[in-house]
Amino acid sequence: MVITRFAPSPTGKLHIGGARTALFNFLYSKNQNGKFLLRIEDTDKKRSEKKFENQIISSLRWLGINFDGQEIYQSKNIDEHINIAKELLKRKKAYKCYCTPEELELERNETKKKGINYIYSGKCRNIKDEKNLPFVIRLKVEKNKKITLYDGVQGDVEIETNTIEDFILLRSDGSPTYNLSASVDDKLIKVSHVIRGDDHKINAVKQIILFRFMDWKVPKYFHIPLIHSESGKKLSKRENASTTDDYKKIGILPIALRNYLLRLGWSYKDKEIFNNEESIKFFNLKNIGKSPSKLDFERIKSLNEYYIKSLNEKELIENFLLYVNEFKQSLKIDTIEKISKNINILKNKAKTLSDIYDNSSFIFKYDESLILKSNLINTKNKVYLIDFLNELSKINDYCDTKITEVSELVLKKNNIKFKDLGQPLRMILTGSLKAPSIKDIIKILGLNETILRLKRHI
RNA sequence: GGUCCCUUCGUCUAUCGGUUAGGACACAUGGUUUUCAUCCAUGAAAGAGGGGUUCGAUUCCCCUAGGGACCGCCA
């Protein structure tokens, strides 16, 4: 059975790269009818925070990336990690190292000065007698061997063990480090495919060595190229617009972000649009690309625009209201009703949910500052506008054809083009030149409000 | 600096040695349109460089250049 996992450390919000890693793991496991697990790597007590853990889980949920079972906490398995370290010690595959951090710092500086790559010298390797001093436990990496990482994305990568140091398994306070914990946990939860960022490639080799020392079955590894920022560097948490929250905040739909992430570093022929079902159906590991990719915000927006247009009304309204609730000034019930009813008109120019909000603002926030400044409202134009108002006042209820009749009447009477009437009308009714068509504006505002607004300015 | 990885339009990518090198976003032009958009059509735009292998290389190999990742008692 295929078992994959996403293993974030809760030291920050879920960022784009992590989200894509989670997505690939999720999609592959679901495509194979397997399991997708979430493991919180919270062994760094200083930097881990509960709020980030919650944030990561809710971001995953938002993207529709659902994990199986309960989330797993690495910190709960610490005893087992320590046991394995002891077992390795017993098998003589690990040893106690009494070097102090200060000594190591010195070693590091010395080699760096010489321009040589630093790895721990291994000087404690052969200490026979126990010392009554603080110690760490290090893995005894075999010398002069080649380890091949059979990477499903990168191909076979051969690494000399001499370039890999005797890395620490247990710190001097007895707590396990990442490579130990991750290996033991992957073994415990029977991970079959490890899909993660390229930055873990060297860790994979370290973990393979540990797996072999323990006679465990080594999982398959897939190291996906990193996502780079516009500047071409690894996307860091500090970059603006690097977390999923950043995108949520500006009104990107989860399905759009998910679709974007899926196609970043992965492809399926010429297909660009993948809904959630299709993404599971078509996803595979072999189409993952080898080269890193840059984030393209325009593409995200355009995908978002596509989904705003193609989502059904109900889904769009749901997404919109959730968004407004979380990020915008709350709206009155009747405004919400008006927007919901006319969502198909109001979504027209929108690339983001925030745009829909802005497009709708003439309904709930009648900003007259531009109207007063506009030279569209002059004595000449007022003649038609008054005609229009008079004719409009004769109508009892809104009706498409009646509005057309009214405007045509005014146009004929004054011998003008629609633009001459439409522009000032639009300005008065919405306080802006960018708005839906006149008919739609009247329909949304209602006859009463339309007449009220007209009367204020003519 | 050491080890490892990557390199097709500006960006994301397709290409299983033979293609007018395809698609998408962005861009430009034109058309539709009751503003602005949408939509439709068209266009410009790419194999980092140099060597091999081959009848033939974007594709396979080597070198160079450029970019990136890792090099913590972080994960």
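Worth knowing before you read on, the calculation uses all heavy atoms, side chains too, and leaves out hydrogens, waters and symmetry mates. Numbers restart at 1 for each chain; the letters A, B, ... are given by sequence-line order, proteins then strands. Just so it is clear, the structure is predicted and the values come from calculations on it, not from any experiment.
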Using a 4.0 Å heavy-atom cut-off to protein, can you give one letter per nucleotide of nucleotides 32-42 of chain B, 5' to 3': B if the base is in contact, S if only the sugar-phosphate is, - if neither? --BBBSS----

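A gap of 42 Å separates the P atoms of B:rG50 and B:rU38, to the nearest Å. Taking atom P in both B:rU64 and B:rA57, the straight-line distance is 23 Å, to the nearest Å. Nucleotides B:rG17 and B:rG2 have their P atoms positioned 36 Å apart, rounded to a whole Å. B:rG49 and B:rU58 have their C1' atoms separated by 14 Å, with the value rounded to a whole Å. Annotation: B:rG18 and B:rG56 have their P atoms spaced 14 Å apart (nearest Å). Here the separation of B:rG47 from B:rU59, taken at their C1' atoms, is 10 Å to the nearest Å. Across B:rC6 and B:rC62, the matching P atoms stand 11 Å from one another, rounded to whole Å. On the P atoms, B:rA44 is 15 Å away from B:rU29, given to the nearest whole Å.
Taking every side-chain heavy atom of A:Glu41 into account, B:rA75 is the closest of B:rA75, B:rU3, B:rA69. Distance from the side chain of A:Ile202 is smallest for B:rC70 among the nucleotides B:rG1, B:rC70, B:rA75. The listed nucleotides are B:rC12, B:rG2, B:rC25; the one nearest the side chain of A:Arg299 is B:rC25. Closest to the A:Glu298 side chain, of the nucleotides B:rA26, B:rC73, B:rC12, is B:rA26.
RNA chain B is contacted by both A:Pro176 and A:Val157; A:Val157 maps to the nucleotide lying nearer its 5′ end (nearest heavy atom per residue).
To the nearest 0.5 angstrom, A:Leu425 atom CG is 9.5 Å from A:Thr430 atom OG1.
Side-chain atoms of A:Glu53 and A:Tyr73 form a donor-acceptor pair, as typed in the model, at a separation below 3.5 Å. A donor atom on one side chain and an acceptor atom on the other are not found under 3.5 Å apart for A:Glu408 and A:Thr404. A side-chain N or O of A:Tyr307 and one of A:Asn259 form a donor-acceptor pair less than 3.5 Å apart. A donor atom on one side chain and an acceptor atom on the other are found under 3.5 Å apart for A:Ser369 and A:Asp367.
As the counterpart of B:rA37, no nucleotide is assigned, since no Watson-Crick or G-U wobble pattern has both distances under 3.5 Å. Nucleotide B:rA69 has B:rU3 as its partner under the Watson-Crick or G-U criteria, with both atom distances under 3.5 Å. Using the Watson-Crick or G-U wobble rule with both distances under 3.5 Å, B:rU42 pairs with B:rA28.
A salt bridge does not link A:Asp420 with A:Lys417: none of the charged nitrogens is closer than 4.0 Å to a carboxylate oxygen. Classification of A:Lys281 and A:Glu278 as a salt-bridged pair fails, no side-chain N sitting under 4.0 Å from a carboxylate O.
For A:Tyr357 and A:Phe364, the distance between ring centers is under 6.0 angstrom.
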Polar-atom pairs under 3.5 Å, protein N or O versus N or O of nucleotides 17-23 of chain B: list them with distances, or write none.
{"unit_1": "B:rG22", "atom_1": "N2", "unit_2": "A:Asp270", "atom_2": "OD1", "d": "3.2"}
{"unit_1": "B:rG23", "atom_1": "N2", "unit_2": "A:Glu272", "atom_2": "OE2", "d": "2.9"}

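For the ring pair (Phe, Tyr, Trp, His ring centres under 6.0 Å) test with A:Trp266, the passing option among A:Phe283, A:Phe24, A:Tyr260 is A:Phe283; the others fail.
The phosphate of B:rA24 (OP1 or OP2) has no side-chain N or O of A:Ser302 nearer than 4.0 angstrom. Contact between the side-chain N/O atoms of A:Lys234 and the OP1/OP2 oxygens of B:rC70 is found at a separation under 4.0 Å.
If you check every strand for non-hydrogen atoms under 4.0 Å, A:Val136 touches a base.
A:Asp173 meets the side-chain hydrogen bond (donor to acceptor under 3.5 Å, both in side chains) test with A:Ser175; sequence neighbours excluded.
Between A:Thr161 and A:Lys143, the shortest heavy-atom distance links the atoms OG1-C, 3.6 Å.
B:rC12 atom C1' lies 13 Å from atom CH2 of A:Trp266, rounded to whole Å.
If you check distances only, the side chain of A:Thr177 never reaches the base of B:rC73 with a donor-acceptor pair under 3.5 Å.
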